[in-house]
Amino acid sequence: MSSNRAARLGEEIWKTRIDKVSAELVTLTYGTIVAQLCKDFDNDYIEVNKQLDRMGYNIGLRLIEDFLAKSNTMKRCSNFRETAEMIAKVGFKIFLNITPMVTNWTNDNKQFSLVFEENPLADFVELPDDGRAQDELWFSNIFCGVLRGALEMVQMQVEAHFISDILRGNDTTEMRVSLIRYIDDELPPEDD
Amino acid sequence: GAGTYGGASSTAGATGATGTRKMDEEEERDAVFYRLEMLGYRVGQGLAERFSRDRPRFNDTLDIIKFLCKDLWIAVFRKQVDNLRTNHRGVYVLTDNTFRPLQRMSTEAGGQAVTRAQPFLWFPCGVVRGALAAMGIHATVHAESTELPSAIFQIKTIPGSTQQ
């Protein structure tokens, strides 16, 4: 599916099939969860990153089903580039009303970046001013887990991590996504 | 569901006494509810700040409760509270006949849906308490559902608590 068609599809689903919830409620709830995790793990931010990723993974495992149900006109993505378009223009669009930019592909088409110009999770957020959070905490790390979990359910093993975050003072918020392999031993028999 | 609490009572398991284990499970469940309520409290504080920012100062407690039932409820749960009652001595009872967080819940017949929905009311309870606190009302808040998807919130303001 072309980039434009994906964008139109995302827009259409967002408008017609999505129950909306207050953005402030989402932002404040997520922020509260991160703050609580920081407290629970004594500001061990490496551990907080892991926990957020794990929470996201568990969300992703289930969220993919909702994604497929809401976008039921779609066919299987024919390559990883198409998958990236779907994630950015349909997935992020319908669940968060944002469209991160897909960019920085490697030549083998197995790695790309999502650059977030908007990030509802990070509204009103300041990282703890303890000299460490700025270097160690990936505030929006739940996204990485969501992608990993969701893609695993459609036979793609990926690795995802942030490489920059505006909250840390970087110029952009950028996530790197790498395809490890297609999990083809679990494909249903009638699939090619 | 309730199943998630069982696995974590590691110390009690070693003693082998059923009584102790049950006690610990209950304690653990209470701890989870307390946590959910506190998370909600913080969210409620933020929401109240955010949504009351551009409106005139409140006149009295009832004014604040009305703001909660209307503006805040719409912002958070996409509809107003259906019914508000008060005894005029600091108790307010808010009834929402189709409470959003419970709207899509169901179980098989006899599945004790109401009981199983109860844990989902702790977070909203905290939201209400936190929002009120941010607007200068200290209160205890209790929520229950008698029939899905309705929810009833009982707010008891704490007399003599500071108004800011």
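Here is the naming used below: chain letters follow the sequence lines, and residue numbers restart at 1 for every chain.
Here the closest heavy-atom approach between residue Val43(B) and residue Leu28(A) is recorded as CG2-O, 3.7 Å. Contact between Arg50(B) and Glu24(A) at its shortest, heavy atoms only, is NE-OE2, 3.4 Å.
For Trp122(B), the CH2 atom sits in a loose shell: 12 or fewer heavy atoms of surrounding residues, nucleotides or ligands are nearer than 6.0 Å. Counting non-hydrogen atoms of other residues, nucleotides and ligands closer than 6.0 Å to CD of Glu108(B) gives a total above 12. Within a 6.0 Å sphere centred on CZ of Arg55(B), heavy atoms belonging to other residues, nucleotides or ligands number more than 12. Atom CE of Met105(B) is surrounded by more than 12 heavy atoms from other residues, nucleotides or ligands within 6.0 Å. Atom CZ of Phe58(B) has more than 12 heavy atoms from other residues, nucleotides or ligands within 6.0 Å. Atom CD of Glu65(A) has 12 or fewer heavy atoms from other residues, nucleotides or ligands within 6.0 Å.
Under a 4.0 Å N-O distance rule, the pair Asp19(A)/Arg104(B) qualifies as a salt bridge.
Residues Gln36(A) and Arg42(B) are not in side-chain contact: their nearest non-hydrogen atoms beyond the backbone lie 4.5 Å or more apart. You'll find the side chain of Asp40(A) reaches within 4.5 Å of the side chain of Arg35(B), heavy atoms only. At least one side-chain heavy atom of Thr29(A) sits less than 4.5 Å from a side-chain heavy atom of Phe123(B).
Atoms OG and CD1, on Ser22(A) and Ile74(B) in that order, are 12.0 Å from each other to the nearest 0.5 Å.
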